[in-house]
Amino acid sequence: LAKTTQPISMDSYEGQEVNITCSHNNIATNDYITWYQQFPSQGPRFIIQGYKTKVTNEVASLFIPADRKSSTLSLPRVSLSDTAVYYCLVGDRFLMDSNYQLIWGAGTKLIIKP
Amino acid sequence: DGGITQSPKYLFRKEGQNVTLSCEQNLNHDAMYWYRQDPGQGLRLIYYSQIVNDFQKGDIAEGYSVSREKKESFPLTVTSAQKNPTAFYLCASSIGGQGSEAFFGQGTRLTVV
């Protein structure tokens with residue numbers, strides 16, 4: 001199973017673009033890259049998912065280079081409410097196997113300052 | 001609105017008692033999961049179920065039990081055998097495998113007193 005590595009914490013300011021990079025050197029051919037956001041005492045919330053190149057939705061963009069060994073979550077024009085922990089996960093979307101378990105790291109604690 | 005409902009939000013338990021955490025979903029998802037989260041840590045898988053009447057142990061299943069009698073429901077029992085049960089418990093569901101988009105409940109914070 002692919003393990004991910006993210007910065008433990010990051011700071012930024014309101015209105016800035018924030019980029020959080022995740023390393024996943026052992027990503028498998030069938031793996032997708034998924035990012036979640038979690039506020040204190042709440043369940044994680046799906047942000048974005050991608051396989052290669054670039055994916056964009058209404059809240060974020062995900063950039064994945066050709067070798068897929070890393071990915072970057074980009075949050076445009078952050079606000080104070082974007083302060084949260086962000087998790088990067090790598091896994092097969094379709095495999096249902098009792099021996100297959102995703103690994104959740106500690107995530108990146110993003111603090112947005114006024 | 002479709003989603004996952006966990007109850008209660010806060011739960012206190014005396015040592016030696018079993019306690020059951022509720023998780024209900026109306027998303028029509030086949031797969032459901034229970035995770036444990038400790039302060040400053042990521043999520044760790046306790047149990048998951050791919051289909052009704054079937055479930056698999058995760059990394060930290062010892063001291064926990066589950067049932068999946070209905071597609072919508074996946075209750076978790078924290079037994080007295082769990083040595084350190086105080087934690088934040090999260091239930092989730094997905095339409096595909098673990099790598100697909102998961103929908104999480106709001107969590108149950110269990111405190112052993």
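The basis for the numbers below is simple: all heavy atoms, side chains too, and nothing from hydrogens, waters or symmetry mates. Just so it is clear: chains get the letters A, B, ... in the order the sequence lines come, proteins before strands, and each one is counted from 1.
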- Item | Most contacts with chain A, counted as non-hydrogen pairs under 4.5 angstrom, among B/Q6, B/R44, B/Q98 |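 Winner by heavy-atom pair count: B/Q98.
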- Message: So which residue, B/L43, B/D30, B/L90, ends up with the most heavy-atom pairs under 4.5 Å with chain A?
- Response: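 Answer, by heavy-atom pair count under 4.5 Å with chain A: B/L43.
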- Residue among A/P44, A/G43, A/G91 with most heavy-atom pairs under 4.5 Å to chain B: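 When all of A/P44, A/G43, A/G91 are compared, A/P44 has the most.
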- Query: Side chain, backbone, both or neither: which part of B/F55 has a non-hydrogen atom closer than 4.5 Å to chain A?
  - Reply: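 Neither part, no heavy atoms under 4.5 Å.
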- Interface moiety of B/E101 toward chain A, non-hydrogen atoms closer than 4.5 Å: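 Looking at B/E101, backbone and side chain both touch chain A.
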Taking [atom1] in [X] as the centre, count heavy atoms belonging to other residues, nucleotides or ligands within less than 6.0 Å. Is the count above 12?
X      : atom1 : value
A/I111 : CD1   : yes
B/E62  : CD    : no
A/Y13  : OH    : no
B/K71  : NZ    : yes
A/L80  : CG    : yes
A/K52  : NZ    : no

- Mind checking the CG-OH spacing from A/L102 to B/Y33? Nearest 0.5 Å is all I need.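 If we round to the nearest 0.5 Å, A/L102:CG and B/Y33:OH are 7.5 Å apart.
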- Indicate if A/I27 and A/I20 have the same hydrophobic cluster label, given that clusters are the connected sets of ILVMFWY residues with side-chain heavy-atom separations under 4.5 angstrom.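 The answer is yes; both residues are in one hydrophobic cluster.
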- Mind listing the closest non-hydrogen atom pair of A/A106 and B/G40 along with its distance?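 Minimum heavy-atom separation between A/A106 and B/G40: CB-O, 3.9 Å.
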- Message: Give me the atom names and distance for the closest heavy-atom approach of A/Q49 to B/G99.
- Response: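 Minimum heavy-atom separation between A/Q49 and B/G99: NE2-O, 2.8 Å.
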- Message: Please classify the contact between A/Q42 and chain B as side chain, backbone, both or neither, with a heavy-atom cut-off of under 4.5 Å.
- Response: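 Looking at A/Q42, backbone and side chain both touch chain B.
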- Query: Do A/W104 and B/F104 have ring centres separated by under 6.0 Å?
  - Reply: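 Ring centroids of A/W104 and B/F104 are less than 6.0 Å from each other.
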